[in-house]
Amino acid sequence: MKITAVLGSPRDASVSTRIAMRLIEGARNAGHKVKIYKINEMDILGCHGCGCCRKYDTDCVIEDDMEEYFKDLRESEALILTSPNYYSHVAGPMITFMNRHYCLLDKDKNPRLPREIKLVCVFAQGAPAGYEKYLPNYDWYISTFTSKNMELAGKIIAGGDSDVSEEGEIMTKAYALGKSL
Ligand SMILES: Cc1cc2nc3c(=O)[nH]c(=O)nc-3n(C[C@H](O)[C@H](O)[C@H](O)COP(=O)(O)O)c2cc1C
């Protein structure tokens, strides 16, 4: 199957990207095709709030890199999203990206995606992985996708105290998750 991934960290040495790449390795080894977007290399405007999508039952009408993404998403059976935690929350560019999914509900709030898509999210934070204060923020982010015909297939949170070595628990989990998609 086809999978789309959007990597939300701007850093080369990113924890969330490393975990996602392991996940993607698992998915590719299972025979899936994965297209990777890096949010910092994308030209993405904020939602204009024009309401055209819901009025005319269309994907977002803004002409930027989200056009190609939406095309890929429609052909995909899974979506992988990652983000660093910046100031307790998903990083700004990934929120702008998320806002643009307003078009995936029609005017009656029915999902516009033709089929259910599996969603996998990876978050990296400096605080320990068990730090509970951020959980509602991640869940809120996830819920804006799961309300649009996506089903959460897996969530990984890496904290500053997590073992993210190649043979560590998180990488092993990421690979297995990717393989199971
Ligand atoms: C601008 C900025 C704000 C941050 N704010 C937080 C925060 O509020 N809580 C936290 O646990 N970590 C915070 N961090 C640390 C990052 O979440 C952490 O370094 C994480 O590994 C970044 O993800 P990445 O490695 O995938 O880029 C912040 C880092 C930056 C650069």
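In this chain, numbering begins with 1 at the start of the sequence shown. Numbering of ligands and ligand atoms starts at 1, following listing order.
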Give the numbers and elements of all ligand 1 atoms closer than 4.0 Å to a heavy atom of [X].
| X | answer |
| --- | --- |
| Ser9 | 24 (P), 26 (O), 27 (O) |
| Arg11 | 24 (P), 25 (O), 27 (O) |
| Ala127 | 10 (C), 11 (O) |

Is there any N or O on [X] that sits under 3.5 Å from an N or O of ligand 1?
| X | result |
| --- | --- |
| Thr17 | no |
| Val15 | yes |
| Gly126 | yes |

| task | Start with the C-alpha distance between Asp57 and Lys107, add both sets of side-chain angles, then the distance that settles salt bridge (charged side-chain N to carboxylate O under 4.0 Å, His left out), and finish with yes or no. | result | CA-CA 7 Å; Asp57 193 17; Lys107 63 176 177 358; over 6 Å; no
| field | Nearest protein heavy atom under 4.0 Å from atom 19 (O) of ligand 1, yes or no | value |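 It does not: no protein heavy atom is found less than 4.0 Å away from atom 19 (O) of ligand 1.
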I need the nearest protein heavy-atom contact for [atom]: residue, atom name and distance, please.
| atom | result |
| --- | --- |
| atom 13 (C) of ligand 1 | Asn85 O, 3.3 Å |
| atom 21 (O) of ligand 1 | Ala124 CB, 3.8 Å |
| atom 8 (O) of ligand 1 | Ser88 N, 2.8 Å |
| atom 23 (O) of ligand 1 | Pro84 CB, 3.1 Å |
| atom 1 (C) of ligand 1 | Tyr87 CE1, 3.8 Å |
| atom 26 (O) of ligand 1 | Ser16 OG, 2.5 Å |

| task | State whether the number of non-hydrogen atoms from other residues, nucleotides or ligands found under 6.0 Å of Glu169 atom CD is greater than 12. | result | no
| field | Neighbour count above 12 (heavy atom, 6.0 Å) for Lys38 NZ | value | no
| query | Which of these passes side chain to side chain contact (heavy atoms under 4.5 Å, CB included) with Cys60: Arg100, Met66, Glu67? | reply | Arg100
| Out of Tyr134, Tyr138, Tyr86, which one pairs with Phe123 under the ring pair (Phe, Tyr, Trp, His ring centres under 6.0 Å) rule? |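 Option passing the ring pair (Phe, Tyr, Trp, His ring centres under 6.0 Å) with Phe123: Tyr138.
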| task | Pick, from Tyr86, Phe123, Tyr131, the option with the minimum heavy-atom distance to atom 2 (C) of ligand 1. | result | Tyr86
Please check this pair: side chain of [X] against backbone of [Y], looking for a donor-acceptor N/O pair closer than 3.5 Å.
| X | Y | answer |
| --- | --- | --- |
| His101 | Phe97 | yes |
| Asp106 | Arg112 | no |
| His32 | Leu181 | yes |
| Glu68 | Lys71 | no |

Can you give the donor-acceptor pairs under 3.5 Å from side chains of residues 46-55 to other protein atoms, not counting sequence neighbours?
{"from": "Arg54", "atom 1": "NE", "to": "Tyr102", "atom 2": "O", "distance (Å)": "3.2"}
{"from": "Arg54", "atom 1": "NE", "to": "Leu105", "atom 2": "O", "distance (Å)": "3.4"}
{"from": "Arg54", "atom 1": "NH1", "to": "Tyr102", "atom 2": "OH", "distance (Å)": "3.4"}
{"from": "Arg54", "atom 1": "NH2", "to": "Tyr102", "atom 2": "O", "distance (Å)": "3.1"}

| said: In this structure, does ligand 1 have an atom that sits under 4.0 Å from one of the heavy atoms of Tyr134? | reply: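 Per 4.0 Å heavy-atom rule, Tyr134 contacts ligand 1.
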